[in-house]
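As structure tokens, the structure follows; a few thoughts come after it.
Throughout, protein chains are lettered first and strands after them, A, B, ... in sequence-line order, and every chain is numbered starting at 1. Predicted, not measured: the structure shown is a model, and the values here were computed from it.
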Protein chains: 2
Amino acid sequence: MRQEGVGVDLETSLGYLLKEASSALRAAMEEVLRPLGMSVTHYSCLELLAQRPGLSNSELARGAFVTRQTMNVLLQALERDGYVTRPAEAPVGKALPTRLTPRGRRSLEKASAAVRSVEARMLAGLNETEEEDAFRILQSMIHSLRGDNEGA
Amino acid sequence: MRQEGVGVDLETSLGYLLKEASSALRAAMEEVLRPLGMSVTHYSCLELLAQRPGLSNSELARGAFVTRQTMNVLLQALERDGYVTRPAEAPVGKALPTRLTPRGRRSLEKASAAVRSVEARMLAGLNETEEEDAFRILQSMIHSLRGDNEGA
DNA sequence: TGCCTCATGTCAGTATTCTGACATAGGTTG
DNA sequence: CAACCTATGTCAGAATACTGACATGAGGCA
């Protein structure tokens, strides 16, 4: 009923704001991907493969921020439906290099365009300097959170 | 096996970076909350209630970025375990104002401290100006994504 | 060479979240 | 007043992601 515009302290938390922004981005992506019958993870996998052909299941999982088990389930479905291919035998080790099929590439095209338009909308209110600031600041946050701060 | 430092284009995408940062934050939060037997959504719910007592199930859901069905499941568990209380009858409409119990408040204390330390670590590499920039930029992104851009 | 550690792919079970649906309360509008 | 419309709480089922576990291949090291 109420719109709750009070805002106590969560409104000043950058962590909360980060979660809010990420949630808004995900919702916007789902909205444009749904008509294409594609989920966000589904799209992420295809986009990763387009830009870095031959990624293994585990590498795809890390790139899409899911576990390798989750990515494995998705890859099996994508393989079954003819969007990607994996060799039956690993050329080295156990890692199976995955590649997009023409069908996968075609399917990605529309999705990629839709997602890029979402990203463009997200950045609509920012100038170049702000985009650069955002890039640098987000990278710093990631760095700090992961504990890569041993240099001095 | 490989560390994949090449980076093609995803490395320049602010959307991808936002997801990466949010994922890192969530992972860091899970890491410190796990020893306390608390999930991120669990913590979010308690923190919301501490700062805005009397929020309804639907309001909590919006604040924690989940559906009201998901929050309902969580609230029933929290109520069963004595962390929150809800009146049996709605004072007005159907909304049931939820409040923390002393036990819930006590449980939140440690979790809140842990999460605040994570947030502090996240911001360690940033100065005040950068924090303000981040705040303003993230709010702009949220605003644009939600389509609140009808003013001129 | 043998052993140890790590990363990978995969299977199975569990947990979490979501979508769909329904009934009810309150405000709005004719 | 009556007919809507919106918001809410809740139940049920489906989708999604995760944890646990196991076997295998590669590289390091004694």
**OP:** Using a 4.5 Å cut-off on heavy atoms from C-beta on, say whether the side chain of A:L123 contacts that of B:M141.
**Re:** yes
Subject >> Close side-chain approach of B:T98 and B:N57, heavy atoms under 4.5 Å >> reply: no
**OP:** In whole angstrom, give the distance that lies between atom CZ of B:R62 and atom P of C:dT17.
**Re:** 18 Å
Subject >> Close side-chain approach of B:V115 and B:V40, heavy atoms under 4.5 Å >> reply: no
Original post:
Are the side chains of B:M29 and B:R26 in touch, meaning some heavy atoms are under 4.5 Å apart?
Top reply: no
**OP:** Tell me whether the OP1 or OP2 atom of D:dA17 has a side-chain N or O from A:T41 closer than 4.0 Å.
**Re:** yes
Original post:
Are A:L18 and B:L18 side-chain neighbours, meaning at least one heavy-atom pair lies under 4.5 Å?
Top reply: yes
Original post:
With sugar-phosphate meaning primed atoms plus P, OP1 and OP2, does B:S39 contact a base, only sugar-phosphate, or nothing at under 4.0 Å between heavy atoms?
Top reply: nothing
**OP:** Measure the distance from NE2 on B:H42 to C1' on C:dT17 and round it to the nearest whole Å.
**Re:** 17 Å
Original post:
Is the shortest side-chain N/O distance from A:N57 to OP1 or OP2 of C:dT8 below 4.0 Å?
Top reply: no
Original post:
In whole angstrom, what separates B:K94's NZ from D:dG9's P?
Top reply: 8 Å
Original post:
Would you say the side chain of A:M38 lies within less than 4.5 Å of the side chain of A:S107, judging by non-hydrogen atoms?
Top reply: yes
**OP:** Tell me, with the steps shown, if A:E11 and B:R52 meet salt bridge (Lys or Arg N to Asp or Glu O under 4.0 Å).
**Re:** CA-CA 12 Å; A:E11 305 306 318; B:R52 308 183 193 170; 2.4 Å; yes
Subject >> 5′-ward residue of the pair B:E30/B:S58 relative to DNA chain D >> reply: B:S58
Original post:
Which parts of residues 66-92 of chain B get close to DNA chain C, meaning a heavy atom less than 4.0 angstrom away?
Top reply: B:V66, B:T67, B:R68, B:Q69, B:T70
**OP:** Could you state the atom-to-atom distance from CZ of A:F65 to C1' of D:dC18 in whole Å?
**Re:** 17 Å
Subject >> Rounded distance in Å - CE (B:M38) to P (C:dT16) >> reply: 14 Å
Original post:
In terms of side-chain heavy atoms of A:R34, which of D:dG9, C:dT19, C:dT8 is nearest?
Top reply: C:dT19
Original post:
Between C:dG26 atom P and B:L96 atom CG, what is the distance in whole Å?
Top reply: 12 Å
**OP:** Would you mind reading off the distance between A:R26 atom CZ and D:dA17 atom C1', rounded to a whole angstrom?
**Re:** 10 Å
